[in-house]
Number of protein chains: 2
Amino acid sequence: MKFLDAEGLDGLTMRKLGAALNVQGGALYRHFPNKAALLDAMAEKILEGIGDPLPDAPWHDQVSILGARFRTALLAHRDGARLVASTHATGATIALGDLAVTIFCGAGLAPAEAGALAFALGYYVLGHTIEEQTQVHPSSGDEWQSRKAHLATDVSPQYAEAIDSLTSTDPTQRFAYGLDTFIQGIAGRIQPAPATR
Amino acid sequence: MKFLDAEGLDGLTMRKLGAALNVQGGALYRHFPNKAALLDAMAEKILEGIGDPLPDAPWHDQVSILGARFRTALLAHRDGARLVASTHATGATIALGDLAVTIFCGAGLAPAEAGALAFALGYYVLGHTIEEQTQVHPSSGDEWQSRKAHLATDVSPQYAEAIDSLTSTDPTQRFAYGLDTFIQGIAGRIQPAPATR
DNA sequence: ACCTGAACACCGTTCAAGT
DNA sequence: ACCTGAACACCGTTCAAGT
């Protein structure tokens, strides 16, 4: 995990990791059957405790807390989101999914619907966090700057403003906004809002 | 694109692609500066027309159509979702984002909020479609089967049922369900449901 | 039980040299 | 302008041999 934080996921090579451990690259194969298994284990480590019991609260608060916990875990290590997205952390995935499905079902959803929404929530958290962790590395001016400058032409003023806000807004706030919007949609699945029908 | 459909993203190598084109691998560097640029161009090709004008309809129908159009484009080529997620298809990303932001702003959202929700929508579509395209390849029994069998123990019956439904439900229906839930959440941002406050 | 050294079969990329 | 052939600097993985 120290090596990941220092060199990043792209710098993580069996040979280089071995060297950091004062060992030959091939020696790692006495501890993991292959690199994929090593990365899986690292992903599990990152998500350790992801399925711990949540505080007693209304279901939407629990979902909010769970989403934030997921994101925080991913942010705790360099390229954490990309690593988790590119591996199969089976144990953690089950723990997280079970927790989410249980919450949704407790709120009144059928298991099939609960499962679909649990995965949708996961996609959002992973996508948002990958982008958070990816946009930082470049020297100083973000990738967005060049993207905006490169094609500032024939783009709607609203879109330009939206992109601007992405670079200036607090990521944690943006994350919560999207998550809450999603939760609001789920609430509509439970007690259909009479106003919109 | 033919080579991608035949061999998949992992099988796409400069040497092998060159061979399929009756050319040496190094010859490709007269047409693309590097492999990343090649993949970017392929991602753009997959998303061609993603920003075309939408039929005149209520904003939520337009979002629904746009989401389905995005997914359909990704599904049209092997590993399309993974390819798009792992590259920077700048042009298509702008076209898609501009369209979504314009719709959301037209519905009454501020650009900053519209941008955040446009990206959230993108994360959902990409995540869902990557999973759709990834789960199919293994021989016959899905990866889910082994995952469920491997840890059928100490998992809530609701979660087991949710996982079962994921393998038996039509992906297109599941996709629409999650997308509609998300759209319902956005609707709540526009005209706050009086019942939930 | 764990590691070394060296090999095998690949990669992306570069570049003189050809046509 | 485009391609060849061959090299360079890497990969993941394997495996006899050592300790």
Side-chain angles (χ1 to χ4, degrees), chain A residues 1-46 77-92 130 133-134 137-139 143 146, chain B residues 1-46 77-92 130 133-134 137-139 143 146:
Chain A
M1 301 308 292
K2 283 182 192 170
F3 188 89
L4 175 67
D5 288 336
E7 306 294 337
L9 187 56
D10 293 335
L12 177 43
T13 272
M14 296 304 268
R15 280 177 169 84
K16 292 203 277 181
L17 177 59
L21 265 33
N22 293 313
V23 120
Q24 213 77 14
L28 299 176
Y29 288 82
R30 294 281 143 178
H31 304 271
F32 298 93
N34 47 49
K35 188 181 182 180
L38 205 200
L39 296 177
D40 284 355
M42 294 179 70
E44 296 273 18
K45 192 84 186 170
I46 287 177
H77 288 93
R78 164 119 87 122
D79 294 332
R82 234 174 81 214
L83 173 57
V84 167
S86 65
T87 55
H88 301 286
T90 320
I130 287 175
Q133 285 183 314
T134 304
H137 291 159
S139 50
E143 162 194 343
S146 66
Chain B
M1 300 308 292
K2 282 182 192 170
F3 187 88
L4 175 67
D5 288 336
E7 306 294 337
L9 187 55
D10 294 333
L12 177 42
T13 273
M14 297 303 269
R15 281 176 168 86
K16 292 203 277 181
L17 177 59
L21 265 33
N22 293 314
V23 120
Q24 214 79 12
L28 299 175
Y29 288 82
R30 294 281 141 179
H31 305 271
F32 299 93
N34 48 48
K35 189 182 181 180
L38 205 199
L39 295 177
D40 285 354
M42 294 178 70
E44 296 273 18
K45 192 83 186 172
I46 287 176
H77 288 93
R78 165 120 87 125
D79 293 331
R82 235 174 80 214
L83 172 57
V84 167
S86 64
T87 55
H88 301 286
T90 320
I130 287 175
Q133 285 184 314
T134 303
H137 291 160
S139 50
E143 164 193 342
S146 67

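Sequence lines set the chain letters: A, B, ... in the order given, protein chains first and strands last, and positions in each chain run from 1.
Within the structure, side-chain hydrogen bond (donor to acceptor under 3.5 Å, both in side chains) pairs that include any residue of residues 23-46 of chain B do not occur (at least two apart or interchain).
The distance between atom CG of A/Leu21 and atom C1' of C/dC3, rounded to the nearest whole Å, is 13 Å. We find that CG of B/Leu17 is positioned 15 Å from C1' of C/dT13, with the value rounded to whole Å. For the pair A/Phe32 CZ and D/dT14 P, the interatomic distance rounds to 15 Å; values are reported in whole Å. In this structure, A/Met14 places its CE atom 14 Å from C1' of C/dC3, rounding to the nearest Å. A/Asp10 has its CG atom 14 Å from the C1' atom of C/dG12, to the nearest Å. Remark: P of D/dT14 and CG of A/Asn34 are 8 Å apart, rounded to the nearest angstrom. In this structure, A/Leu28 atom CG and D/dT13 atom C1' are separated by 11 Å, rounded to whole Å. Here D/dC11 presents its P atom at 9 Å from NZ of A/Lys35, a figure rounded to the nearest Å.
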Which protein N or O atoms sit under 3.5 Å from an N or O of nucleotides 4-7 of chain D?
from, atom 1, to, atom 2, distance (Å)
D/dT4, OP2, B/Gln24, N, 2.5
D/dA7, N6, B/Arg15, NH2, 3.3

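Using a 4.5 Å heavy-atom cutoff, the side chains of B/Leu38 and B/Leu17 are in contact. Using a 4.5 Å cut-off on side-chain heavy atoms (C-beta onward), B/Leu21 and B/Leu28 make contact.
The two atoms that bring B/Ile130 and B/Thr134 nearest to each other are O-OG1, 2.6 Å, heavy atoms only. Taking both residues in full, the closest heavy atoms of A/Thr87 and A/Ala43 are given as OG1-CB, 3.2 Å, listed atom of the first, atom of the second, then distance. Smallest separation of non-hydrogen atoms from B/Ile46 and B/Gly80: CD1-CA, 3.9 Å.
DNA chain C forms stems at C:4-8 with D:12-16, C:12-16 with D:4-8, each a run of 3 or more consecutive Watson-Crick or G-U wobble pairs whose two key distances fall under 3.5 Å.
Using a 4.0 Å cutoff on non-hydrogen atoms, no part of residues 36-45 of chain A comes near DNA chain C.
OP1 or OP2 of D/dC3 has at least one side-chain nitrogen or oxygen of B/His31 nearer than 4.0 Å.
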Could you pull out all donor-acceptor pairs under 3.5 Å where a side-chain atom in residues 1-15 of chain B meets a protein atom, sequence neighbours excluded?
from, atom 1, to, atom 2, distance (Å)
B/Asp5, OD1, B/Arg78, N, 3.0
B/Asp10, OD1, B/Arg82, NH2, 2.6
B/Asp10, OD2, B/Arg82, NH2, 3.3

